[in-house]
Every structure is written in C-alpha cells, then in structure tokens.
Amino acid sequence: MNPFEDAIHAGLPLEGVEIIDMHAHLGPYYNMHIPASGAGDMVRVMDRCGIRRTVVSANVGWDTDIVLGNDMMLQAAAAHPGRLYGACMVNGNHPELSRDELERCFARPEVLIVKIHPWGTGCRLDDRRMKGIYEFASKRGLFVLVHTWYDGDPFGSQDLFAATARDYPQARWIMGHSGGPCGSRRAVELAAAVPNIFLDTTLSMCPARQIEFFVKEVGPERILFGTDNPFIDPRPQIGRVGLADIPLAAKIDIFGANARRHLAF
Amino acid sequence: MDRLEYFDCNCSVGRVGRPLLLDIPDAAGLKGEMAAAGVGRALVYHTVARYGDPVLGNALLMKEIAGHPGLDPVWVILPPQTGEMPAPDKLVEDLRRGGVKAARMYPGRSRHGFSLADWCAGGVLEALGAAGIPLMLETESVTWDEVFAVLDRHRGLPVIMTECSYRHDRFLYPLLGRFETLHVEMSRFLGAGVIEDLVGRFGSRPLLFGTNMPVYTGTAAVSMLTYADIDRRDKEAIAGGNLRRLLGEAGS
C-alpha cells in the first residue's frame, strides 16, 4: 500500500511527509524559455505538489556573475522565508571573489549550502584555485552541491567529484544529477566508497527504476531530493520518488528526512 | 475523482546496446513499467527498427507485442527508392493491414541516412498525410528548419515531435502558432510551468502524453500532468484524448 499513490494520481499535495528540494535554481537562462522562473512562480508550483522548502542558486551565477546570482538568491530567500533557502554560488576562476561571496552569503542564516557548477564555469574541480572554497566548506562542515555529468564533463566528472570529496572529508558532497542519466552505476560505486558523498534525484531523463537502484545499492540515507526547478519543473520528481517501488520509510527519507537530519531549516 | 486514462505515444520494446541503467527488453517488461506508472495503453516501436534495421525491427515488433493488449505498433520507415521499403501506396497498405498506428522516421547522415526533403521523402510523406497516419520525428534527428519544411509542404500530415526538451520552446512556439498539425510528446518536455504556458497559448491540443518507457520511468510524466494547473478536460485530452483523436478513434 503506497499512501502517496492516490494523491499523485489525483494531483494533490502529498501529506504526512516534508518535501525538501535540495537542488534548485532561480530566474531566467540564456538558452531556454522558462515560463515559471521567478521566486513567486517557484513557490506557487511548490505548493501545487507539496514541496515545503527549496534551496536555490540563481541561473545567471554560473555562466556570468556570481555576485548578481547570489544577490538574486538572497532576495528570493528574504521574500519567501521558510520556503526558499540559499545555495551560495562560487566560481574557481574568481577565487578571491568567491571567498568574499561565501563570507557575505553565509552571514545570512537562510543560506545553507555551496553550489559549484564546473561545466558552467569551465573551472575543474581539482583546479588549485578551488582550494579556498573547499577549505571554507570543510571548516563549517557544509554541503557542497556540484553539477556532475559522468565522463563527458572534463571539469566535473563523477571521478573528479569523488576525488575532491575524499580530499575534503569534513564537507558533505552532493553529486548533482548523480552523474546524469548514464551515471547511475558509477554514482553508486563512488557513494559506496566515499562516505561523505550524497546522491540526488535531479534529472530530466529519468532512467526507469533508478530510484529503486540507488536505494538497493547505497540505502536511502544518502539520497537527497532535488528537482532542478525551474530548469525542470519539480512536479515530475514527485511522481518519480512517490511512485517508486521502495519502502515508505525510504521515500520519506529521500523526500526530506535526510536533508532535515543534516540541516537546520 | 477517477484517474486519468493514459495513452502513451512514445514507448519501445527491444534490447538497447547502451542502456541508461537497466535493460528492459520485452513487452512484459514494458507492461510492468506501464503498470507502475498507471499507464494502460501505448504506441510502441522496436529498438532494432531504430538502431539496427527498420525492416527487421518492424517484423520483430509485431511478434513481440502480439498477445499484449494495450500495445499498438509503430513502424520505423524509410523512403522507397532503395527498395528496402515498398512504394508509398503499398507501404500505407501494409501499415493499415498491420494495425500500425503511426510511423517514425530518423533522417540525417548519423541516423538512417536519408533526407526529409521532397526530392527524397516527399512521396512517402504525401502518402502518410493522405492516409492520416501520424509521422513521429525525434527532435535530435532533425533540424527545426526541416520540421518547418515538412509541416509547410505537407499540410495534412500530423507530425509528432518526440523528446522535445525544456530547451525547445523557442523553436516550438513559432511552429505551434502556424501549424495545427504539429504535436509535442512530453517525456522530456518538463520546463517549469511549460504545460500551463503552452495550454494557455495554444490550448491542450498539441500536447500528447509520452514517457519513453522503458528507457525512462513513466512516473515522472504522470505527475507532471496530474499536478498541472489546467482544467481536468485539458488533462484528459493530453493524457490520451488528443492521441485517440489523432488516430481517428471513435468517441475521442
């Protein structure tokens, strides 16, 4: 008996579970039309499907200006307290500015995690200019969300990601997109080998049985719910987790209990 | 409220050489994925027809889905000039005799190696249009200029674009504004708010429920639709009514 099944098929917000979206964005982006990209739009869509909290980084942050992106993030979090939280965007091409941004953003309690987009910035995870960022995250025991895309990403492959997580064991590392649609097998191998790695559910090309595979291989405790909202609408991910063939307790973990265990919202 | 009745326009059977994760090769496996998502009926092509040989794959499809109610065949076709497929009129006759609901084409040098232009595929496109048999094109195997040309030259031909992603709105919207024969399959059409936005501009008519099962899970497309902020009638149309109408099925 799946208590979420009827609600999902009826299009009703899920009850009895706190849903926390750990991987989301904010605002427009240059190569796509995003109909619901504003903070208010995002909260409205969250309400449709029962997502209580979302951690956001602004889309403009990784290709252009991290300061502008972080400003947008801070404004959104301030405008929607208790609903939107911040991921501070950093860029290894601007190491001093990134350190300044970390100090500025983490002075605000609604900023919870660090976001790195190696593909967008073109700065490899093992670039020595990243060191200050990693030291900041390690010292505070922060979650660091990294965009990963299996072997096709020379800047942030899964293996580069895992090596960085190994080098900085005090931080907690979220393998964004779990390495992409072809990255599932490598993702669970690396998560099994490196205890401070977390997987996330964020994908547009959602392989059949991927959630079941992750739970079977690494257990539910290190799988975090993520959506890519508003790049990708968050509503598909509700069905993907809520209708997965896994125990109810695992769904509750993935939807939000895992994030809640580690973060003070 | 009753659950939506899903008629999925984008499913497959057959082994894939490079699976995203699991290889679910047969009709029974597909039916299992459909059941998990609550999908009762699907248009199905064979992976061998797409990645191997269309003629062989189409024959394998008919064997594989025989005895599986709820799975309707889609053939992968080629232009006739090389003799691998019959002349257009005969091809349409074969499609009808086999109960084939739609045809897929994969043009371009890196796919099946032919052109969609009239000098190559015009005859078969004309025949499909005259018979009202929808043509399915995968977004990655055609350019949007080619899609425009097909829609413009073959006004009666229903075209279903599969695998449209959240990056395609700026191509799609101008075409949707000009051609009522254009349809969008939604397995990857997952941009935030896009269903509400598209329905608000063009109505629900262009949208067709699709999942790409068993490569993808069907559960994502299901909740994209159930949670959409649109009328129930529009959800029913997208879930299956539009496709049934396109296929000329009574009562749709």
Side-chain angles (χ1 to χ4, degrees), chain A residues 4-14 24-25 29 31-38 41-42 44-45 47-50 180-185 187-188 201 203-214 227-245, chain B residues 1-4 6 18-24 29-30 32-38 163 165-173 186-201 211-230 232 235 239:
Chain A
F4 300 144
E5 186 175 342
D6 284 344
I8 290 170
H9 279 289
L12 298 172
L14 303 191
H25 302 285
Y29 194 57
N31 77 342
M32 66 182 74
H33 162 243
I34 307 176
S37 71
D41 298 322
M42 291 176 65
R44 183 171 43 77
V45 174
D47 287 339
R48 289 285 302 175
C49 59
C182 297
S184 305
R185 293 190 184 280
V188 299
T201 63
L203 269 181
S204 68
M205 295 170 276
C206 310
R209 306 279 160 178
Q210 187 197 41
I211 301 295
E212 291 88 337
F213 177 74
F214 283 173
T227 70
D228 237 0
N229 185 16
F231 258 111
I232 305 169
D233 198 293
R235 291 168 278 196
Q237 304 302 330
I238 300 292
R240 205 154 80 89
V241 176
L243 297 176
D245 186 15
Chain B
M1 189 179 290
D2 290 340
R3 292 187 181 186
L4 293 169
Y6 296 100
R18 298 171 64 183
L20 292 183
L21 179 57
L22 306 179
D23 188 27
I24 303 172
L30 171 61
E33 290 306 299
M34 290 168 63
E163 305 271 322
S165 86
Y166 47 92
R167 298 185 194 272
H168 291 124
D169 296 12
R170 291 172 184 158
F171 295 107
L172 271 171
Y173 282 19
M186 58 176 281
S187 62
R188 288 198 63 209
F189 198 58
L190 304 176
V194 75
I195 289 188
E196 291 89 346
D197 189 67
L198 190 147
V199 170
R201 293 169 191 265
T211 64
N212 198 11
M213 286 187 284
V215 178
Y216 301 162
T217 177
T219 55
V222 162
S223 59
M224 179 73 174
L225 183 57
T226 60
Y227 285 113
D229 190 9
I230 56 176
R232 168 79 185 188
K235 290 185 185 180

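Order of the sequence lines fixes the chain letters, A, B, ..., with proteins taken first and strands second; residue numbering starts at 1 for each chain. These figures come from a predicted structure and were not determined experimentally.
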Counting heavy-atom pairs closer than 4.5 Å to chain A, which one of B/Asp169, B/Asp197, B/Leu20, B/Leu21 comes out on top? B/Leu21
Under a 4.5 Å heavy-atom cut-off, does chain B meet the side chain of A/Asp245, its backbone, both or neither? neither
All heavy atoms of B/Ala36 vs all of A/Arg209, minimum pair found to be CB-NH2, 3.7 Å
Does any heavy atom of chain A fall under 4.5 Å from the side chain of B/Arg201, the backbone, both, or neither of them? side chain
Could you have a look at B/Leu225, B/Thr226, B/Asp2, B/Val215 and say which one has the most heavy-atom pairs with chain A under 4.5 angstrom? B/Thr226
Answer key: most heavy-atom pairs under 4.5 Å with chain B among A/Ala36, A/Ser37, A/Gly183, A/Gly180 is A/Ala36
Name the option with the most non-hydrogen atom pairs under 4.5 Å to chain B; the candidates are A/Thr227, A/Val241, A/Asp6, A/Leu203. A/Asp6
Treating B/Ser223 as the side-chain partner and A/Pro236 as the backbone partner, does any N or O pair qualify as donor plus acceptor under 3.5 Å? yes
If you count heavy-atom pairs within less than 4.5 Å of chain B, which of A/Cys182, A/Ser184, A/Cys49 leads? A/Cys49
How long is the gap from OG on B/Ser165 to CE on A/Met205, to the nearest 0.5 Å? 8.5 Å
Which value, rounded to the nearest 0.5 Å, describes the distance between A/Arg240 atom CZ and B/Met224 atom CE? 14.0 Å
Counting only heavy atoms closer than 4.5 Å, note whether A/Phe213 contacts chain B via side chain, backbone, both or neither. side chain
For B/Arg167, the salt bridge (charged side-chain N to carboxylate O under 4.0 Å, His left out) test, sequence neighbours excluded, returns none
Please flag which part of A/Asn31 lies under 4.5 Å from any non-hydrogen atom of chain B: side chain, backbone, both or neither. both
Please tell me if the side chains of B/Thr217 and A/Gln210 come closer than 4.5 Å, counting only heavy atoms from C-beta onward. no
Quiz: residues 188-196 of chain B side-chain donor-acceptor pairs under 3.5 angstrom, not counting sequence neighbours:
unit_1   : atom_1 : unit_2   : atom_2 : d
B/Arg188 : NH2    : A/Ser204 : OG     : 3.3
B/Glu196 : OE1    : A/Arg235 : NH2    : 3.3
B/Glu196 : OE2    : A/Arg235 : NH1    : 2.7
B/Glu196 : OE2    : A/Arg235 : NH2    : 3.2
B/Glu196 : OE2    : B/Asp229 : N      : 2.8

For a 4.5 angstrom cut-off between non-hydrogen side-chain atoms, does A/Ile232 reach B/Tyr166? yes
Chain B heavy atoms under 4.5 Å from A/Leu12: which part of the residue, side chain, backbone, both or neither? backbone
Does the B/Arg3 side chain pair with the main chain of A/His9, one donor and one acceptor, at a distance under 3.5 Å? no
